[in-house]
Protein chains: 2
Amino acid sequence: MSTIEDVAKLAGLSRTTVSRVLNDHPYVSDEKKELVQKAMEQLGYVPNSAARSLRNQKTGIIAVLIPKISTPFFSQLIELLEMKASSKGYQLIICQTQFSKQKECRYLNLLKTKQVDGVIMTAVENDWSVIDSYLNYGPIVLCNEKIENANIPMVYVNQAQSGYLVAKHLIERGHTHIAYCSNGVKSEGMRARIKGFQSALQEVNIHSYEKFYFDKVSSVEDGKQVFRKLACMKVSPTAVFAGGDAVAAGIISEAQKAGWRIPEDLAVVGYDNMEITKLVDPMITTVIQPVDAMAEKSIDVMCEKIHRKQFRTFENHEFISKLAYRGSSTNRDHLVATS
Amino acid sequence: MSTIEDVAKLAGLSRTTVSRVLNDHPYVSDEKKELVQKAMEQLGYVPNSAARSLRNQKTGIIAVLIPKISTPFFSQLIELLEMKASSKGYQLIICQTQFSKQKECRYLNLLKTKQVDGVIMTAVENDWSVIDSYLNYGPIVLCNEKIENANIPMVYVNQAQSGYLVAKHLIERGHTHIAYCSNGVKSEGMRARIKGFQSALQEVNIHSYEKFYFDKVSSVEDGKQVFRKLACMKVSPTAVFAGGDAVAAGIISEAQKAGWRIPEDLAVVGYDNMEITKLVDPMITTVIQPVDAMAEKSIDVMCEKIHRKQFRTFENHEFISKLAYRGSSTNRDHLVATS
DNA sequence: ATGAAAGCGCTAACAC
DNA sequence: GTGTTAGCGCTTTCAT
């Protein structure tokens, strides 16, 4: 491995000049510049990034904390974050917290050891006061999450609006007995989602939602179970907001196996617009979040924070979602074409 | 940010002693050790990883090159690699090549700049001669891929066996007209898969496979299209090896829409045992690869390479897959229970 | 058992 | 325009 010194010697110049060429600084004559470039090429010289990091006090790496990589929504989010980061010259270290407070802290320590320039959190396990203390060491940006009173940039979807949107849609289609599925996560966003959902129901004087509330359902299997429970209620709902596409698919699959027609006997709405929604028949009506825009904003904000070295700034970057109207909640004759 | 110097001063000792404590070296009296630990705690000292990397010539980071993160198989692989790496104290940098030779090289450069200690490739875009040159800078391990004549560790599945297994299964169930779907990737593994598949057919004197070959199909949508083509052939196949679970799901979905019964009118076999296989009805017979074991082996081998500093060693770590017998290829009365 | 000092590879004052 | 030099924070001989 050749160093900047080797290049300097070969070119008959000083390390400084080589460094200047390396970093595109002004005040280097074209003549010497060429000399340096030739020497670099000849030696196959590449700057050592550890030395650069040490000297410059920055690494060009961002850590992304994520509960579980293989969850379709998260893998999509990572994919987009990676693309945006890459286009800005940053590398991404991926850290799975597995919903553990301890692991979350362990990874936040990357900030203390200066192994990364910043941390993007896509979920939060610890209390805010715990997270807050890490802000002394570098920037933290929340992506896909919001915390009341947190003095950092937060990029998130207005889930109250999402919940409202779904309820409104089902009400408009004549439903009055509407079930709600929660994935059991107790985040700010989840609370907002159910609030928005309920407020739409209350507007038209429906108060039955408590009877039709299912908690801690997130997988296909959970969805199947939801249907089984729902099917044997004395008064069963005619529509269900599954809270996730996998759950929606599970409900539909089990319902059809039991001879129910979708959406005539049961309308179903999912969340996240994953590929699975287009796979089942009928296709699943679902909430589309602007994941691409959120990923971009998160990276942009992070770069700006790193640059500004000002970490404790309250910033809300709110996005809103749309509904993709598909067959699982809409009769074919009413169906509006969607992508 | 406090440094090792600060700790030394506060403890009234030298940097050397602090460093010894930090690295669990012998020859430090318990008394001084305690002194140092107290000082570290008091200052909230954390060692700077850039300085350590520079001094030790290693980073504790491994790069994983992957074509596309959100592909279910790859996100599962990353998840497992991350867990194994994490348990060995390594961080993972995730790099999306997006099937581009150029990006692949750009990321292989992380090895040259010493930003990572090693690279795990889950696919290979460039010619081997190109990749080979990077071995001068650090270890490369192939995970989920095999290249003839590559002098590095390769962790892969014997796909000839997988293909054979699938064909054998379908033959045993009486099929003689069996279609084959390829995802269009021209890797060693894909060639082996089709070879194994064909050899099983040849054993029983079936030579019709060329008529029933579909190339470049990988998505649900592609699968739907395969069915449409297949349905209007003069002699249509009675079974199809979809080559991927998404394709299998697409075929089944479209077939059922057209009134075909699965598996009576068409038997379907997928690949990878993704969640989607359990979602459709009937559930999809599929090939299960030992992804967990492969991830573990890849990380183990990588750590060993990093340690040994001997990068050009030919190593085959071959794994074999199993078939999960499910409803898409097996009548209920013959169905063997599988997980 | 402990410390002094050199040096990993790079950049940026500062001098000329 | 170009070079000299100090130093980023750490580990490790080599003395003692």
Side-chain angles (χ1 to χ4, degrees), chain A residues 1-37 39-40 43-61 109-117 137-138 309, chain B residues 1-37 39-40 43-61 109-117 137-138 309:
Chain A
M1 271 298 24
S2 53
T3 74
I4 200 171
E5 176 86 51
D6 302 331
V7 177
K9 266 186 194 148
L10 182 60
L13 293 162
S14 75
R15 293 190 316 223
T16 312
T17 307
V18 177
S19 175
R20 286 208 178 95
V21 174
L22 217 49
N23 297 288
D24 264 338
H25 282 187
Y27 306 124
V28 182
S29 68
D30 290 354
E31 181 200 2
K32 313 269 173 184
K33 185 183 264 184
E34 216 168 294
L35 232 52
V36 169
Q37 278 162 343
M40 295 205 291
L43 291 169
Y45 169 77
V46 181
N48 178 304
S49 50
R52 277 191 148 169
S53 296
L54 179 57
R55 176 65 229 221
N56 295 336
Q57 307 282 28
K58 54 204 212 60
T59 61
I61 305 179
N109 262 309
L110 294 173
L111 222 42
K112 283 198 189 182
T113 64
K114 300 279 172 213
Q115 189 145 38
V116 301
D117 294 339
Y137 306 98
K309 293 170 200 276
Chain B
M1 271 293 29
S2 53
T3 75
I4 200 171
E5 176 85 49
D6 302 331
V7 177
K9 266 186 195 148
L10 182 60
L13 294 162
S14 74
R15 291 189 319 220
T16 314
T17 307
V18 177
S19 175
R20 286 205 179 97
V21 173
L22 217 50
N23 296 289
D24 264 336
H25 281 189
Y27 303 123
V28 182
S29 68
D30 290 353
E31 182 200 359
K32 313 268 173 186
K33 185 183 265 184
E34 216 167 296
L35 231 54
V36 169
Q37 279 162 344
M40 294 204 291
L43 291 169
Y45 169 77
V46 180
N48 177 304
S49 51
R52 278 191 147 169
S53 296
L54 178 57
R55 175 66 229 225
N56 296 337
Q57 307 280 30
K58 55 202 209 56
T59 60
I61 306 179
N109 262 311
L110 294 173
L111 221 43
K112 284 199 189 180
T113 63
K114 299 282 174 211
Q115 188 145 40
V116 302
D117 294 339
Y137 307 98
K309 294 171 200 274

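Lettering of chains follows the sequences in order, A, B, ..., and the numbering in each one begins at 1. As the structure is a computational prediction, the values presented were derived from the model and not from experiment.
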**Student:** What I want to check is whether the side chains of A/Ser14 and A/Thr17 have a donor and an acceptor closer together than 3.5 Å.
**Tutor:** yes
**Student:** Between the axis at one end of the helix from C/dA1-D/dT16 to C/dC16-D/dG1 and the axis at the other (five pairs apiece), what's the angle to 10 degrees?
**Tutor:**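 End-to-end axis angle for the helix from C/dA1-D/dT16 to C/dC16-D/dG1: 40°, rounded to 10°.
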**Student:** Report yes if a side-chain nitrogen or oxygen of B/Ser19 is closer than 4.0 Å to either non-bridging phosphate oxygen (OP1 or OP2) of D/dT11; otherwise report no.
**Tutor:** yes
**Student:** Check the phosphate of C/dC8 against A/Thr3, side-chain N and O only, distance under 4.0 Å to OP1 or OP2. Yes or no?
**Tutor:** no
**Student:** With heavy atoms under 4.0 Å as the rule, sort B/Pro47 into base, sugar-phosphate or nothing.
**Tutor:** sugar-phosphate
**Student:** So, OP1 or OP2 of D/dT11: does either fall under 4.0 Å of a side-chain N or O from B/Gln57?
**Tutor:** no
**Student:** Between A/Lys114 and A/Tyr137 (side chain of the first, backbone of the second, donor and acceptor by atom type, cut-off under 3.5 Å), is there such a pair?
**Tutor:** yes
**Student:** How far does CG of A/Asp30 sit from CD of A/Gln37, to the nearest 0.5 angstrom?
**Tutor:**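 Between A/Asp30 CG and A/Gln37 CD, I get 9.5 Å after rounding to 0.5 Å.
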**Student:** Which of these nucleotides, C/dT2, D/dG9, C/dT11, is closest to any side-chain atom of B/Arg55?
**Tutor:** D/dG9
**Student:** Any side-chain N or O of B/Arg52 under 4.0 Å from OP1/OP2 of D/dT11?
**Tutor:** yes
**Student:** Of the options C/dG3, C/dA12, D/dT11, whose atoms approach the side-chain atoms of A/His25 most closely?
**Tutor:** C/dA12
**Student:** Using only side-chain N and O atoms of A/Lys32, determine if any of them is under 4.0 Å from OP1 or OP2 of D/dG1.
**Tutor:**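 Checking D/dG1 against A/Lys32, no side-chain N or O comes under 4.0 Å of OP1 or OP2.
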**Student:** Are any of A/Tyr27's side-chain N or O atoms less than 4.0 Å away from OP1 or OP2 of D/dG3?
**Tutor:** no
**Student:** Taking only N and O in the side chain of B/Thr17, is any of them less than 4.0 Å away from OP1 or OP2 of C/dG3?
**Tutor:** yes
**Student:** Please tell me if A/Ser53 has a side-chain N or O lying less than 4.0 Å from either OP1 or OP2 of C/dC10.
**Tutor:**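 Looking at the OP1 and OP2 atoms of C/dC10, neither is under 4.0 Å from any side-chain N or O of A/Ser53.
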**Student:** Of A/Val18 and B/Val28, whose closest DNA chain C nucleotide lies nearer the 5' terminus?
**Tutor:** B/Val28
**Student:** Quick check for you: among C/dT2, D/dT11, D/dC8, whose closest atom lies nearest to any side-chain atom of B/Arg20?
**Tutor:** C/dT2
**Student:** Any side-chain to backbone donor/acceptor pair from B/Asn48 onto B/Ala50? Under 3.5 Å, distance only.
**Tutor:** yes
**Student:** With respect to the phosphate group of C/dG3, does any side-chain polar atom (N or O) of B/Thr16 fall under 4.0 Å of OP1 or OP2?
**Tutor:** no
**Student:** Would you mind reporting whether A/Leu22 and A/Arg52 have side-chain heavy atoms less than 4.5 Å apart?
**Tutor:**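 SC-SC contact between A/Arg52 and A/Leu22 confirmed.
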**Student:** Tell me whether the side-chain N/O atoms of B/Asn23 come closer than 4.0 Å to OP1 or OP2 in D/dT11.
**Tutor:**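 So the side chain of B/Asn23 is within the cut-off, an N or O lying under 4.0 Å from OP1 or OP2 of D/dT11.
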